[in-house]
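Model, not experiment: these values are computed from the prediction.
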Amino acid sequence: MVALTSTPVRPAVEAAEPPVRRRRTRPFRPVDAVIMLGYGLAAFLLYRPLWLNLDSGYLRFSGQDQNLWEWFYAVTAHNVLNFENLLFTTLQNHPDGVNLSANTAMYGLALPLTPVTILFGPTATFTLVLTGGLAGTASAWYWVLSRHLVDSRVGAAVGAAFCGFAPPMISHANAHPNWVALFVMPFIVLWLLKIVRGAPPVSSGIVLGLLVTWQVFIGKEPLLVMATTMVVFALVYALMAPGHTLAVAPRLGAGLGVGAAVSLVIVAVPLWWQFFGPQSYSALEHGLRGNDAAAFTAFASDSLAGGEYSGAGLAMNRTEENAFFGWPLVLVVLGITVALWRVLAARAVAVTMLAMAWISMGAIVIVDGEGTSIPGPWMLLFDRPLFESVLETRFSLGCVPLIGILLAMATERVLRLRVRSDQRRAATVVWCGVLATALLPIVPTELHVTERKAAPAFFTEGDWRVYVRDGSVVPVPPPDVADAEALHWQMETGMGFPLVEGYFVGPNEEGDGMYGAPRRRTSLILEYVAMRGETYEVTAYDRVIARSDLRYWEADVVVLPLDAPYRHELQATVTDLLEDPGHPVKDVWVWDVHALLTR
């Protein structure tokens with residue numbers, strides 16, 4: 001690392017240096033295309049098993065999230081084709097419905113990709129967004145880094161590759177396209193920096209506002225994390241270079257004001273619907289979910305040095321390994337921080353990185369499962385508007401682009417050392433070894449894909465049409481966070497019928513956010529049987545409530561797949577509840593409840 005400081009430094013100049021210097025326009029060359037195509041190939045290889053099995057492939061560690069995200073794309077396409085409200089639907093949680101604006105429907109990609117969804121299905125859209133998200137994020141950061149931050153294409157390529165394929169990104173790549181498709185973020189950062197460098201605040205502010213709007217329609221939570229990172233950076237930089245900060249503050253304020261005005265005009269209605277529309281909620285509480293400090297030095301499950309149980313005890317699940325950078329990279333980044341400490345921009349980036357890591361640790365710092373007495377900044381944020389609905393562990397994703405920038409800056413400095421050519425070659429070889437030591441262990445591995453369970457022929461072959469008139473389908477048990485397979489049945493019919501309850505975010509009885517719908521008594525009974533594998537002793541009261549629940553749901557038919565776990569116990573319980581034996585239709589057992597509900 002000492003070699004990085006061999007370049008002559010002028011402290012007085014460095015202290016006044018803006019975070020990004022004005023650079024000559026660099027033409028697009030074949031090497032740029034090769035680098036970006038490399039990112040695309042890398043993303044494809046990660047999702048290769050899913051691309052080769054779009055009919056029945058399912059990401060193994062996505063839980064029920066693949067069903068959910070595919071449903072978002074499918075319902076968007078349905079609403080477009082039928083000229084229905086894009087912000088609301090009753091296809092889930094019938095008849096109360098789902099506030100799509102209060103969920104992550106990703107209109108910014110779901111709408112332009114509607115033709116893909118219609119022609120090839122929601123799984124194709126889901127896979128395309130994930131693959132394009134990783135490749136696009138890396139490519140966007142490469143463009144910004146190579147044109148506006150470093151002069152070395154190699155340095156930019158290294159930093160951008162990390163930004164797109166860092167372990168936290170790959171963790172979310174198992175299930176969360178909104179945390180993978182971050183390709184707008186680099187350009188938001190770029191336009192802010194352009195304003196700082198002297199670009200006209202009005203025209204630049206308009207572009208900034210449009211970029212922010214697009215990101216709002218892709219994912220608001222990643223935008224909040226990015227905005228927090230930028231605010232922390234601005235505060236750190238202001239403390240380190242107050243003179244320069246005061247000089248650019250009026251111009252930056254004007255640009256931000258124009259951008260905010262432009263964005264608010266476009267997003268006002270969707271935001272109003274999110275916070276005040278039908279099925280809106282006040283906040284989504286997750287409890288204290290900070291990163292364990294030991295997670296930062298651990299290896300991610302989907303990395304060369306990781307394994308099936310790498311995240312055990314340090315992460316909520318495989319899709320939330322938000323801080324697994326690996327100890328070699330942590331040491332290298334700390335070394336870069338020391339070596340480039342005299343460089344103002346690098347110093348501000350490094351301090352911001354450490355601050356974001358600290359925020360992500362939550363209210364109290366925990367080390368390898370043991371609590372400490374060290375408080376975290378989250379104590380000041382956890383109950384603030386917007387922050388109260390965010391998992392604090394995800395704020396460590398703000399470290400990803402900051403680490404990428406430091407890697408790019410360090411690589412550029414090594415490749416441009418002002419020493420003899422033989423010494424520069426030796427330093428380059430050493431640095432390549434350092435990078436290999438830090439980055440090879442965290443190279444992502446191919447994501448695991450399993451065979452998806454086929455939807456019942458009762459739905460795929462259209463038999464449901466005999467039973468569903470203008471009411472809903474009640475699966476046994478109704479879908480929820482733990483089992484949302486019924487959403488797949490619905491998608492296989494072209495969103496032909498509404499479902500009761502489901503997997504989404506909506507209000508509970510108090511108006512706070514929750515995953516899924518508040519369970520009715522009949523749902524709880526069926527869930528009890530499905531979990532315990534034993535019949536439920538139905539009472540006369542249960543039968544009365546069951547009829548009431550079915551009327552509330554506007555139910556037309558109750559459906560139980562014949563291959564469902566504990567099928568006989570569930571069938572016996574439903575038969576007792578409805579006092580109707582039902583009958584088989586192909587691969588499901590059906591209870592037609594029209595006559596029952598008219599008694």
>> On a heavy-atom basis, which atom in V225 and which in R394 lie closest, and how many Å separate them?
In response: CG1-O, 4.1 Å

> Distance-only, no hydrogens or angles: does the D302 side chain make a donor-acceptor pair with backbone N or O of T445 under 3.5 Å?
Replying inline: no

>> Quick one: does any side-chain atom of R251 pair with a main-chain N or O of P201 as donor and acceptor, under 3.5 Å?
In response: no

> Which distance, rounded to the nearest 0.5 Å, do you find between the OG of S62 and the NE2 of H176?
Replying inline: 8.5 Å

> T352 and A348: which non-hydrogen atoms are nearest, and at how many Å?
Replying inline: OG1-O, 2.7 Å

>> I need the I366 CD1 to T372 OG1 distance, nearest 0.5 Å.
In response: 8.0 Å

> Does any N or O in the side chain of R289 come within less than 3.5 Å of the main-chain N or O of M316, such that one atom is a donor and the other an acceptor?
Replying inline: no

> Rounded to the nearest 0.5 Å, how far apart are CZ of R318 and CD1 of I170?
Replying inline: 12.0 Å

> Hey, is the main chain of A173 close enough, under 3.5 Å, to the side chain of Y47 for a donor-acceptor pair?
Replying inline: yes

>> Could you tell me if the side chain of V333 sits less than 4.5 Å from the side chain of M353, heavy atoms only?
In response: yes

> If you round to the nearest 0.5 Å, how far is CG of L381 from CD of E392?
Replying inline: 10.0 Å

> Okay, side chain of S146, backbone of A156: is any donor-acceptor separation there less than 3.5 Å?
Replying inline: no

> What's the verdict on side chain to side chain contact (heavy atoms under 4.5 Å, CB included) for M226 and Q215, showing C-alpha distance, side-chain angles and the deciding distance?
Replying inline: CA-CA 11 Å; M226 189 276 290; Q215 182 57 50; over 6 Å; no

>> Looking at E320 and A315, would you say the former's side chain and the latter's main chain have a donor-acceptor pair under 3.5 Å?
In response: no

> Would the number of heavy atoms belonging to other residues, nucleotides or ligands and lying under 6.0 Å from CD of E370 be above 12?
Replying inline: no

>> To check you understand the geometry: which heavy-atom pair defines the closest contact between F325 and S396, and what is its length?
In response: CZ-O, 4.1 Å

> F275 versus S101: any side-chain heavy-atom pair under 4.5 Å?
Replying inline: no

> Nearest 0.5 Å, what's the CG-CG distance between L41 and L46?
Replying inline: 9.5 Å

>> Any side-chain to backbone donor/acceptor pair from T297 onto W327? Under 3.5 Å, distance only.
In response: no

> Taking atom OH of Y142 and atom CZ of R147, what is their separation to the nearest 0.5 Å?
Replying inline: 5.5 Å

> Under 3.5 Å, side chain of Y39 to main-chain N/O of F165, donor-acceptor pair present?
Replying inline: no

> Any side-chain heavy-atom pair from T137 and V180 closer than 4.5 angstrom?
Replying inline: no

> Between W51 and T127, does any side-chain donor sit less than 3.5 Å from a side-chain acceptor?
Replying inline: no

> Can you find a side-chain donor-acceptor pair between N291 and T393 that sits under 3.5 Å?
Replying inline: yes

>> Within the structure provided, determine whether T428 and L417 are in side-chain contact (heavy-atom separation under 4.5 Å).
In response: no

> Does some side-chain heavy atom of F395 sit less than 4.5 Å from a side-chain heavy atom of N322?
Replying inline: no

>> In the structure I gave you, are the side-chain heavy atoms of N317 and F61 within less than 4.5 Å of one another anywhere?
In response: no

> Can you tell me if W141 uses its side chain to pair, donor with acceptor, with the backbone of P186 under 3.5 Å?
Replying inline: no

>> Atom CZ of residue position F28 - does it have more than 12 heavy atoms of other residues, nucleotides or ligands inside 6.0 Å?
In response: yes

> Under 4.5 Å between any side-chain heavy atoms of M361 and F296, yes or no?
Replying inline: yes

> At their closest point, which heavy atom of L211 faces which heavy atom of V184, and how far apart are they?
Replying inline: O-CG1, 3.4 Å

> Taking the six-membered ring for Trp, are F183 and W143 ring centroids under 6.0 Å apart?
Replying inline: no

> Of all heavy-atom pairs between G205 and I195, which one has the smallest distance, and what is that distance?
Replying inline: N-CD1, 4.3 Å

>> Do W341 and V351 make a side-chain contact, defined as non-hydrogen atoms from C-beta onward lying under 4.5 Å apart?
In response: yes

> What do the steps show when you test L397 against H172 for side chain to side chain contact (heavy atoms under 4.5 Å, CB included), and what is the final call?
Replying inline: CA-CA 10 Å; L397 273 90; H172 285 282; 3.9 Å; yes

>> Let's go through T213 and S263 carefully: what are the C-alpha distance in whole Å and the side-chain angles of both, what is the deciding distance for side chain to side chain donor-acceptor pair (under 3.5 Å) to 0.1 Å, and is it a yes or a no?
In response: CA-CA 5 Å; T213 300; S263 184; 3.1 Å; yes

> Y73 vs F126 aromatic rings, parallel, tilted or perpendicular, using cut-offs 30° and 60°?
Replying inline: tilted

>> Given 3.5 Å as the limit, does a donor-acceptor pair link the side chain of Q66 with the main chain of L59, or not?
In response: yes

>> How close do P222 and N178 get, counting heavy atoms only, and between which atoms?
In response: CG-O, 3.3 Å

